[in-house]
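Because the structure is a prediction, the values reported are computed rather than measured. Numbering of ligands and ligand atoms starts at 1, following listing order. Numbers for residues simply follow the sequence, beginning at 1.
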Amino acid sequence: MRRVNGVALISRAISAGFGATTISGTVASSSATQHRLLQAGTFSSCSRSGTLWCSGRSSDGIGQSNPSAGTVCFSNAASLAQDTHAKECQSSDKFHPKDVVLYQYEACPFCNKVKAFLDYYDLPYKIVEVNPMNKKEIKWSDYKKVPILKVDGVQMVDSSDIIDTLYKRINPESPTLDSEEEKKWRRWVDDHLVHVLSPNIYRTVSEALESFDYITTHGNFSFSERIVAKYGGAAAMYFVSKKLKKRHNITDERAALYEAVETWVDALKGRHFHGDSNPNLADISVFGVLRPIRHLQSGRDMVENTRIGEWYSRMESAVGKSSRIQA
Ligand SMILES: N[C@@H](CCC(=O)N[C@@H](CS)C(=O)NCC(=O)O)C(=O)O
């Protein structure tokens, strides 16, 4: 039996949550009340330290094994043919990596951006869920954040750099990677949109519990770890999210979320996608970070109260099934 410090567990569970970059920093400077709350979480774990995040079925569903990306894109042509926004064959005939492995936290928005890209381009990938407590799965790397993508043994880091590199390999003839406009919106995702998400998904106690239920059930917790991380994490994040609100000058978190997605819908200028008839990298980035919250209360409210729904559904069809394969 190995004793695990509950404070560390909760902190790490939190850092594996949505929009973790800002959260980790805030947890480190948490108030005395939060600290006591976190300290209350000390417990003994079972012998399996386990990953906090499992590599099981993701919320958006894991597609069938897809070893033939680039050759067969319409695996279910009959049903997809009826869908005007179904994914066309996006894969390159020049880029066929043999082994793509994504090291991730299931709910990390940056990881979800990369996953949306891989799914859209039908690049088969395996997932290694990183244990946020000890990060043992990425001990081999000097880089201590996720996502990390290993492509045929070569490490790539930082979601935007990963996407840029893969895009160039898929489209080697393309003279420019993306337009200034597309770049601007991709930056907006990293600098603005991701920061609006945490205050929303931990806005109330019940929403914080819902979010941590998602985080812990998609992880590989023992029963006791799950309970501590779920309730301790939810309580801590409820308070931390209030700090995040202040830090990002948010007064009403839902209003900020609605405003952000309405800004995005305006940027579409009536087109099906920002990329016009097909999604571009800005579409993929926005969709990627919104996908993990879509079925939480904040995501349901977002779809009910803004004009994002139609674009979101088109993106779901365009991105299609996950191209994840089992490790
Ligand atoms: N700019 C990076 C940010 C990556 C990032 O901050 N990832 C968070 C998880 S969402 C992380 O790994 N934080 C450090 C930690 O969990 O210890 C990217 O776009 O990939």
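Nearest to atom 16 (O) of ligand 1 by heavy atom, out of Phe110, Tyr105, Tyr143, is Tyr105. Closest heavy-atom approach to atom 19 (O) of ligand 1 within the set Ser159, Ser285, Cys108, Pro109: this belongs to Ser159.
With Thr216 contributing its side chain and Lys230 its backbone, the two residues share no donor-acceptor pair below 3.5 Å.
Contacts of Lys135 with ligand 1, taken as heavy-atom pairs under 4.0 Å, involve the side chain alone.
At a threshold of 4.5 Å between non-hydrogen side-chain atoms, the residues Ile308 and Met302 count as touching. Within the 4.5 Å cutoff, the side chain of Leu149 has heavy atoms near those of the Leu118 side chain.
If you number the atoms of ligand 1 from 1 as listed, the ones under 4.0 Å from a heavy atom of Pro147 come out as 20 (O).
At least one N or O atom of Asp158, backbone or side chain, sits closer than 3.5 Å to an N or O atom of ligand 1. Looking at Ser160 next to ligand 1, no N or O pair under 3.5 Å apart turns up.
For Ser298, the side chain to side chain donor-acceptor pair (under 3.5 Å) criterion is met by no residue, not counting sequence neighbours.
Within the cation-pi definition used here (under 6.0 Å to the ring centroid, within 45° of the axis), Lys242 qualifies as a partner of Tyr238.
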